[in-house]
Structures are given as structure tokens and as C-alpha cells.
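By convention here, the first residue in the shown sequence is residue 1. Computed from heavy atoms alone, side chains included, the values below leave out hydrogens, waters and symmetry copies.
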Amino acid sequence: MKHPLPASPAHIGVLRLSALGDVCNLVPTVRALQRQWPEARITWIIGKGEHSLLAGLSGVEFVVYDKASGLAGMRALWRQLADTRFDVLLHMQQALRASVLSLGLKADVRVGYDKARAKDAQHWFTHRQLAPHPRAHVLESFLDFARLMGVEDLSLAWDLPIPDAAREEAAALTGEAPYVLMSPCANPRLRNFRNWSAEGYASVVEHAWVQHGLKTVLTGGGSTQEREMGSRIQALSQPGSVIDAIGGSSLKGLLALIDGARAVVAPDSGPVHMANALDTPVVGLYATTNPDRAAPYCWREHVIDRYPDAVRHFLHKEPEALPWGQRVRHPDAMSLIHADDVIRHLEAVLTVASSRKERESSDEA
């Protein structure tokens with residue numbers, strides 16, 4: 001017998017710890033739940049870095065779990081929530097660590113992914129599973145939780161909070177100059193291989209500067225790999241065309257930078273999904289990741305998609321033959337992306353940005 005879902009939940013738990021792009025893609029589901037049940041209490045159990053990005057999200061209580069704290073941190077979180085019982089717990093993290101964490105949470109019904117999407121045997125830890133949704137985009141997979149709950153309005157909304165301090169932080173880096181934001185590196189994990197070349201990025205910087213008078217703001221974390229990439233791009237670019245802010249902003253500051261940009265250029269990483277959430281035009285660079293699953297959702301037509309080519313060239317298969325979500329883990333895969341294609345798509349999204357700016361000026365007049 002299936003565990004019944006609450007018709008009108010008073011307290012909804014959301015369990016999704018990471019990553020930055022994924023939590024951005026989850027926000028529309030939270031907004032849909034809020035529209036359906038405006039009086040419901042929503043508690044989101046989230047990772048430490050991800051919380052620093054979404055802190056202040058209206059109508060959401062956050063409980064932070066620092067993954068570095070391990071089992072001791074889990075026990076502390078269980079004690080924190082010892083008197084809390086959820087009408088429904090939406091278990092949205094397909095990872096064994098999150099499933100173990102869920103064991104210490106009290107819930108009348110636990111909802112997780114269907115068996116085909118449930119990694120690390122997540123379906124063993126839940127009472128109800130989603131309906132199958134083969135080859136779904138990450139954002140759509142999150143919305144499947146709302147669909148199962150009976151939510152009617154699945155329109156997309158984010159409304160990410162950007163505090164004044166973050167806007168001041170961004171303004172201190174950019175001044176009054178109009179700019180394109182470029183986040184050249186994805187998370188520097190082992191065998192990630194999502195980064196394009198410094199030469200390719202420099203070609204895009206040159207085009208934005210010469211053709212549009214736009215500076216390029218480089219952003220990213222403070223790792224050695226990211227700082228070296230920023231230095232190489234700047235060395236290949238004209239003096240004055242680059243503002244190197246790599247390692248120089250908070251996550252809220254990055255949100256403010258993205259919100260103020262004319263466009264964003266980046267590989268599959270958090271910033272493309274932040275841009276999507278803020279409705280900032282974005283050109284995503286994809287060869288190792290399937291954009292049908294993980295592109296910036298509202299800007300999919302402006303993704304540089306070399307994933308099928310990479311699958312055929314490096315894995316010697318057709319994309320349809322691969323398990324959904326499989327990456328091409330080859331260091332040369334991103335070299336299939338050509339600067340001319342990136343520039344062409346940048347031109348297209350800058351046209352969108354220019355049209356918006358003209359409309360805003362007209363409305364203000």
C-alpha cells in the first residue's frame with residue numbers, strides 16, 4: 001500500500017544539499033509549492049555554500065548541513081530537528097550521504113526519485129517515488145516532485161534575493177563600465193574537464209571589447225587553476241578589456257555581478273544557472289555534459305552543444321546509446337567548441353539584452 005500524500009501539507013521538508021547550479025534549478029519547485037499552499041511552512045536542508053547563495057529566499061527556513069562535518073554534523077542536525085516532523089519530506093538528493101542524513105529526520109511520507117533516476121539506491125530510503133520521466137532536464141526532475149504532490153501551477157519563478165551589500169560589492173569591482181561576465185572554470189574536481197581554452201575565451205573578450213566596447217569581468221573561486229586561467233586570459237587580451245575578479249567576490253556578490261551583466265559566458269557550472277535564474281542572457285559551453293539534461297533552462301537555444309560530437313569522437317558511440325547524464329571525461333572534449341560559434345551566440349544574446357535595455361528606457365520615459 002502506498003503512503004498517502006498530504007492533500008494540504010502544513011510543513012514541507014526539502015532535502016537538497018548541493019550543488020550551486022542544482023539548487024538554483026530547484027527554486028522554481030519551491031515557488032510552485034508556495035503558490036499551491038501559501039500557508040505551508042517550508043524547511044530546506046541545504047549545504048553550507050549553497051545556503052550562502054540562497055540565504056534570504058522568501059518564505060523558506062534553511063537548516064544548514066556542512067558536508068565537511070560528516071557524521072558529527074548529521075547528529076547535530078538531527079538534534080536540531082528532533083522536535084520537527086514533516087508532513088512530507090521531498091528527498092531531492094541522489095546521494096548516499098543525503099539518504100543517511102534523511103534517516104534521522106521525522107516525516108509522515110518520504111518522496112524520492114523513481115528507480116531509474118535514483119542513484120545510490122535512493123529508492124530504498126523513500127516511501128513514494130516519482131513517476132518515470134526518462135531523459136528529463138534537471139529542472140524538470142525537480143518539478144516532478146511538485147507534479148506528484150498535485151501542484152497545478154508549474155510556471156517558473158525564482159526571485160533570488162540580492163542584498164544591497166552584494167550590489168555594492170559588485171559595483172566596487174566593475175565601476176560604471178558595461179560588461180560581459182565570464183566564468184571560465186567549472187568546479188576543479190578530479191576528471192571534470194569542463195573548461196574551455198584561455199585562447200578561446202580571449203577571442204570572445206576581444207570581440208566584446210572591439211565590437212561593443214564591453215569589458216569582460218572574470219569570476220570564479222580562488223583555486224590555483226582558476227587564478228592561472230584568469231591570468232592567461234588577461235595576458236592574451238588588450239589592456240583595459242578585462243576586470244579579473246576571480247577569487248574576489250562572495251556568492252551573493254557574484255549574483256549581483258551576474259544580475260548587472262549584459263550577458264554571461266561560462267561552461268556547465270553554477271554561474272550559467274544563476275544567470276538563468278536572474279534572466280540574464282547566457283551562452284553555455286557544453287561538450288562534456290549533455291545540455292539536454294543540464295543546460296541553462298531558459299537559454300537552451302544559445303548553448304554551444306558539442307556533446308554529441310564528443311560522444312562520437314571520444315566514446316565512439318551515439319548519444320542515444322549512453323545512460324542519461326553520462327559525461328565525456330576526456331581532456332580534449334571542450335576543444336570541439338570553436339570561438340566563432342561562441343561569438344555568434346554572444347551576438348544573439350547581446351541583441352536580446354540591447355532590446356531589453358531599450359524597452360526599459362522607453363518605460364522609464
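Among all heavy-atom pairs drawn from Ala166 and Gly253, the shortest one is CB-N, 3.9 Å. Between Ile46 and Phe62, the closest heavy-atom pair is CG2-CD2, 3.7 Å. Nearest heavy atoms, Asn276 versus Cys298: OD1-N, 2.7 Å. Nearest heavy-atom pair across Ser58 and Gln34 is O-NE2, 2.9 Å. Minimum heavy-atom separation, Val264 to Ala275: CG2-CB, 4.0 Å. Closest approach of Arg16 to Val23, counting heavy atoms only: CG-CG1, 4.3 Å.
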*Dump the intermediate steps for side chain to side chain donor-acceptor pair (under 3.5 Å) on Ser203 and Glu206, then the final yes or no.*
CA-CA 5 Å; Ser203 296; Glu206 177 81 1; over 6 Å; no
*What do the steps show when you test Phe314 against Thr288 for side-chain contact (heavy atoms from CB on, under 4.5 Å), and what is the final call?*
CA-CA 10 Å; Phe314 297 108; Thr288 64; over 6 Å; no
_Ile162 vs Lys252, side-chain contact (heavy atoms from CB on, under 4.5 Å): CA-CA, chis, key distance, verdict_ = CA-CA 6 Å; Ile162 304 176; Lys252 286 291 192 185; 5.9 Å; no
_Gln238 and Val210: CA distance, side-chain angles, deciding distance, side-chain contact (heavy atoms from CB on, under 4.5 Å) verdict_ = CA-CA 9 Å; Gln238 290 190 35; Val210 172; 3.6 Å; yes
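Residues Leu77 and Ile12 do not share a hydrophobic cluster, defined by chaining ILVMFWY side chains whose heavy atoms lie under 4.5 Å apart. At a threshold of 4.5 Å between side-chain heavy atoms, the hydrophobic network of Ile, Leu, Val, Met, Phe, Trp and Tyr places Val109 and Trp124 in two separate groups. Val60 is connected to Leu278 through a chain of hydrophobic side-chain contacts under 4.5 Å among Ile, Leu, Val, Met, Phe, Trp and Tyr, so both are in one cluster. Two different hydrophobic clusters hold Trp209 and Leu236 under the rule that ILVMFWY side chains link at heavy-atom gaps under 4.5 Å. Cluster annotation: Trp196 is connected to Ile304 through the hydrophobic network of ILVMFWY side chains, with a link wherever side-chain heavy atoms come within less than 4.5 Å.
Heavy atoms of other residues, nucleotides or ligands lying less than 6.0 angstrom from NZ of Lys48 number 12 at most. With a 6.0 Å radius and a threshold of 12 heavy atoms from other residues, nucleotides or ligands, Glu39 has its CD atom at or below the threshold. Crowding of Asp83 atom CG: a count of heavy atoms from other residues, nucleotides or ligands under 6.0 Å not exceeding 12.
Side-chain contact of Ser231 with Glu228: a donor-acceptor pair under 3.5 Å is absent, judged by distance alone. For the residue pair Glu347/His212, the side-chain donor-acceptor check at 3.5 Å is satisfied. In this structure, a donor-acceptor pair under 3.5 Å is absent between the side chains of Asp305 and Tyr286. No hydrogens or angles considered: a donor-acceptor pair under 3.5 Å links the side chains of Glu169 and Ser250. For the residue pair Glu61 and Thr43, a side-chain donor N or O sits within less than 3.5 Å of a side-chain acceptor on the partner.
Looking at Asp144 and Arg117, a side-chain N of the basic residue comes within less than 4.0 Å of a carboxylate O on the acidic one, giving a salt bridge. One finds no salt bridge joining Arg135 and Asp292 here, because no Lys/Arg side-chain nitrogen approaches an Asp/Glu carboxylate oxygen to under 4.0 Å. Taking the charged nitrogens against the carboxylate oxygens, Asp341 and Arg306 do have a contact shorter than 4.0 Å, which makes a salt bridge. A salt bridge does not link Asp164 with Arg167: none of the charged nitrogens is closer than 4.0 Å to a carboxylate oxygen.
Once rounded to the nearest 0.5 Å, the distance linking SG of Cys24 with CG of Leu160 reads 6.0 Å. Here the straight-line distance linking atom CZ of Arg329 with atom CZ of Phe193 works out to 8.5 Å at 0.5 Å rounding. For the atom pair CZ of Phe125 and CG of Leu105, the computed distance is 12.5 Å after rounding to the nearest 0.5 Å. Rounded to the nearest 0.5 Å, atoms OH (Tyr179) and CG (Leu181) are 6.5 Å apart. His345 NE2 to Leu350 CG: the interatomic distance, rounded to the nearest 0.5 Å, is 13.0 Å. In this structure, OG on Ser183 lies 8.0 Å from CE on Met274, to the nearest 0.5 angstrom.
Taking the six-membered ring wherever Trp is involved, the centroid distance between the rings of His137 and Tyr297 falls below 6.0 Å. Aromatic pair His330/His313: ring centres not closer than 6.0 Å.
Panel note: side chain Arg35, backbone Asp153; a donor-acceptor pair is recorded below 3.5 Å. Listed for the Asp87 side chain is a donor-acceptor partner under 3.5 Å among the backbone atoms of His11. For Lys317 (side chain) and Arg312 (main-chain N/O), no donor-acceptor pair under 3.5 Å exists by modelled atom type.
Between Ile243 and Thr216, every side-chain heavy-atom pair lies at or beyond the 4.5 Å cut-off. In this structure the side chain of Leu15 never reaches within 4.5 angstrom of the side chain of Tyr65, judged on heavy atoms.
By the 6.0 Å and 45° rule, Arg147 does not stack over the aromatic ring of Phe145.
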